[in-house]
There are 2 protein chains.
Amino acid sequence: MSALHRATLQDVARLANVSPKTVSRVFAHREQVAPATVERVLSAAKRLRFRPNTLARTLRHGGVATTVGLLMGDLGNPFYYTIAAGVERALADRGLTLIVATTDDSEEGEERVADTLLAQRVGALLLIPVGPDQSYLEGERQLGTAVVAIDRPARNLVADSVVLRNREGAKEATRSLIAHGHRRIAYLCNPASVYTQMERCAGYRDALTSAGIPADGRYESLVDDMTVPAEETARAMLAQPDPPTAIVAGNNRMCIGVLRVIRELANPPALIGFDDFDTADILGVSVVSHDPAEMGRRAAELAIDRMSDLGGFTTQLEVPTHLVLRGSGERPPA
Amino acid sequence: MSALHRATLQDVARLANVSPKTVSRVFAHREQVAPATVERVLSAAKRLRFRPNTLARTLRHGGVATTVGLLMGDLGNPFYYTIAAGVERALADRGLTLIVATTDDSEEGEERVADTLLAQRVGALLLIPVGPDQSYLEGERQLGTAVVAIDRPARNLVADSVVLRNREGAKEATRSLIAHGHRRIAYLCNPASVYTQMERCAGYRDALTSAGIPADGRYESLVDDMTVPAEETARAMLAQPDPPTAIVAGNNRMCIGVLRVIRELANPPALIGFDDFDTADILGVSVVSHDPAEMGRRAAELAIDRMSDLGGFTTQLEVPTHLVLRGSGERPPA
DNA sequence: TTGAAAGCGCTACCAG
DNA sequence: CTGGTAGCGCTTTCAA
């Protein structure tokens, strides 16, 4: 017997003097096997260091997938990897393993990377849509792969989704600034053409409208070019005549960029960011906070449900946000 | 023909009027196939929405693995996920996919989770060791699975590893504090019994020794209980008589904890942290910086090399650190 | 350049 | 309670 041979179920069966099927039964934990036989099988398995091959198990006709794919733009972003962490946790709880793939934030890469994941026969595909169109997943969905969109709904594809209550979150933040006496309130974001930003910007406008403050394009900086540093956008906004006395930053990155700029100012504008971050309390930054890990967890659970029970209506889940006031958002107008 | 049937290579062969092997040739190694045949096969594949089954491909005797497993302890830690991002990127470049699994920092969980990964027949196992002993991987390593330890060397297991130059990094930080006139310098960390902390603490001591400053246990807070908040450790350190005039924080978490505490002080001690973070520049925190993504990338590359060329000596890679001075580390003694 | 057949590791189906 | 047999989707011998 070669030492460099991975023991198979057959090897175990041979050593334990039973049929392969019996070994299978023991490891599948489902069927009745005589205790003595179980004992014999397990000891043989141990001796051979047998480890069931999940791949072979899945390959079987109608085999149940043991993996779930998560497709996203970039693992390096705290927001995204926290989602991933939530997904992983929820999957592990059900004995599923997570395959992660990133598109490096390129729209063209998305379908190609999804293909790789699907070639691995993942039981479900979770994705944070980057491209403008996910219709390429329609066939796969019909074949029984659960598809769940996270953070943004999929486009041209009927699929479950889990998103933040973006609009309400931004509205609440803006309303709070108004309540503190601000009327010249700016909204800054980049990128601007993604779903989340359009929602948040809409929420910002909602609040202004409700307060009878006319919309003013000068106070909206909807940049859509990730090569532009957030600081530059912030500086431009504040350099104009009649600058805003308060700023709503559309995301983490923009918030930190604004922060860098206004710290140099004698009379900094009020600031509320979207997305919480580690040192926000130290820096006294008010934010619209939410729980990305929770989003990931919910998405994974949705996918798991869908795996066992296909069909039915799709679910659109919304995860709440809440305003955390830490000082920067309560500054009155200068 | 049912619409709810995943097209197989056979289906494509039938439709294209060729043998399965020919289809295989087209999709695999681009072996010599007549252009016209290729055309026919591809068009049939497209029509049936055929997607090669990676699982089946891997199952084949001696089949080449297409996945790599990454095993780590902590879930929401930026440092670890940045490593993961580096790993993912390097793997994707070689057409491999990443399976992520976490042990939730429990030592017992490690082997069990490793088992899950190995049951998926990953071609390599990258791990950030958590448990005290990785000898359970020895058999698998002999079977040909590449094993690479990241951030800490594996214990009781001969394996490649990629770690930071922890000792030199901490030494440089401490030396810098000494150069700024400090003599009562503290080292704070939690957890303390992990490899990285032992190395960093040793570097801290090296620097003191070189400067002729006697070691003083009162200035070492080597806590080993993650339920203790970093703030508490920091407060205790500063509450003693003759408190330190400078602090080296062993990791990100401790650094931010210390920061929370010393901001309230009239004469804050100097501070240098280990690990960089997003807002460190705004907060003016000096740190020993390094590139976790680079570590991940190097580990993945090591694993890929090892996959194709087993045997040979193991490699111990060290990734450099560098001191970034932003203010907090240059404060003179009060 | 193409094809037939055997088999990877496992589990369902039907027996005994 | 246990065992034979067929087959999952693919790829590798060998032949044609």
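Chain letters run A, B, ... following the sequence lines, proteins first and then strands; every chain starts at 1.
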Strictly by modelled atom types, are A:Q316 and A:T314 linked by a side-chain donor-acceptor pair under 3.5 Å?
yes

In whole angstroms, the gap separating P of C:dC8 from CZ of A:R57 amounts to 18 Å

Determine: side-chain N/O of B:S24 to OP1/OP2 of D:dT11, distance under 4.0 Å, yes or no.
yes

Would you work out how much the helix from C:dT1-D:dA16 to C:dG16-D:dC1 bends between its ends, with each end axis defined by five base pairs, to 10 degrees?
30°

Comparing B:T37 and A:R51 on DNA chain C - which has the more 5′ nearest nucleotide
B:T37

Less than 4.0 angstrom between a side-chain N/O of A:S19 and OP1 or OP2 of D:dG3, yes or no?
yes

To the nearest angstrom, how far is A:N53 atom CG from C:dC8 atom P?
12 Å

Considering only heavy side-chain atoms of B:R60, the closest of C:dC13, C:dC8, C:dT1 is C:dC8

Quick one: label A:V18 by what it contacts on the DNA or RNA (base, sugar-phosphate, nothing), any heavy atom closer than 4.0 Å.
sugar-phosphate

Separation of C:dT11 atom C1' from B:L55 atom CG, nearest Å, is 15 Å

Could you state the atom-to-atom distance from CD of B:Q10 to C1' of D:dC10 in whole Å?
9 Å

Atom-to-atom span, CZ of B:F27 to C1' of D:dT12 - whole angstrom
19 Å

Got a salt bridge between B:E140 and A:R51, using NZ or NE/NH1/NH2 to carboxylate O under 4.0 Å?
yes

Using a cut-off of less than 4.0 Å, is there contact between a side-chain N or O of A:T22 and OP1 or OP2 of D:dT2?
no

Considering only NZ, NE, NH1 and NH2 on the basic side and carboxylate oxygens on the acidic side, decide whether A:D104 and B:R89 come within less than 4.0 Å.
yes

Over how many whole Å does the gap from A:L9 atom CG to C:dA12 atom P extend?
12 Å

B:A34 side chain: which of D:dG9, C:dT2, D:dT12 is closest?
C:dT2

Taking C:dT2, D:dT2, C:dG9 as options, the one with an atom nearest any side-chain atom of B:L59 is C:dG9

Picking from D:dT2, C:dC13, D:dC10, which would you name as closest to the side chain of A:V33?
D:dT2

Using the ring pair (Phe, Tyr, Trp, His ring centres under 6.0 Å) criterion, which residues pair with B:F79? Sequence neighbours excluded.
B:H290

Interatomic distance, A:L143 CG vs D:dG9 P [rounded to whole Å]
11 Å

Is it the case that the side chain of B:D309 and the backbone of B:R306 share a donor-acceptor pair, with hydrogens and angles ignored and the cut-off at 3.5 Å?
no

Taking only distance into account, with no hydrogens and no angle test, what donor-acceptor pairs under 3.5 Å do side-chain atoms of residues 146-153 of chain A form with protein atoms, sequence neighbours excluded?
unit_1, atom_1, unit_2, atom_2, d
A:R152, NH1, A:P129, O, 2.6
A:R152, NH2, A:Y80, OH, 2.6

Any N or O donor-acceptor pair under 3.5 Å from the base of D:dG3 to the side chain of A:R25?
yes

So, A:Q120 and B:T66: side-chain donor and acceptor under 3.5 Å apart, yes or no?
yes

Main chain of B:A119, side chain of A:T54: is a donor-acceptor contact present, judged purely on distance under 3.5 Å?
yes

Please report, rounded to the nearest Å, how far the C1' atom of D:dG3 is from the CZ atom of A:R14.
15 Å

From the candidates C:dG9, D:dT12, C:dA12, the one with an atom nearest any side-chain atom of A:K21 is C:dA12

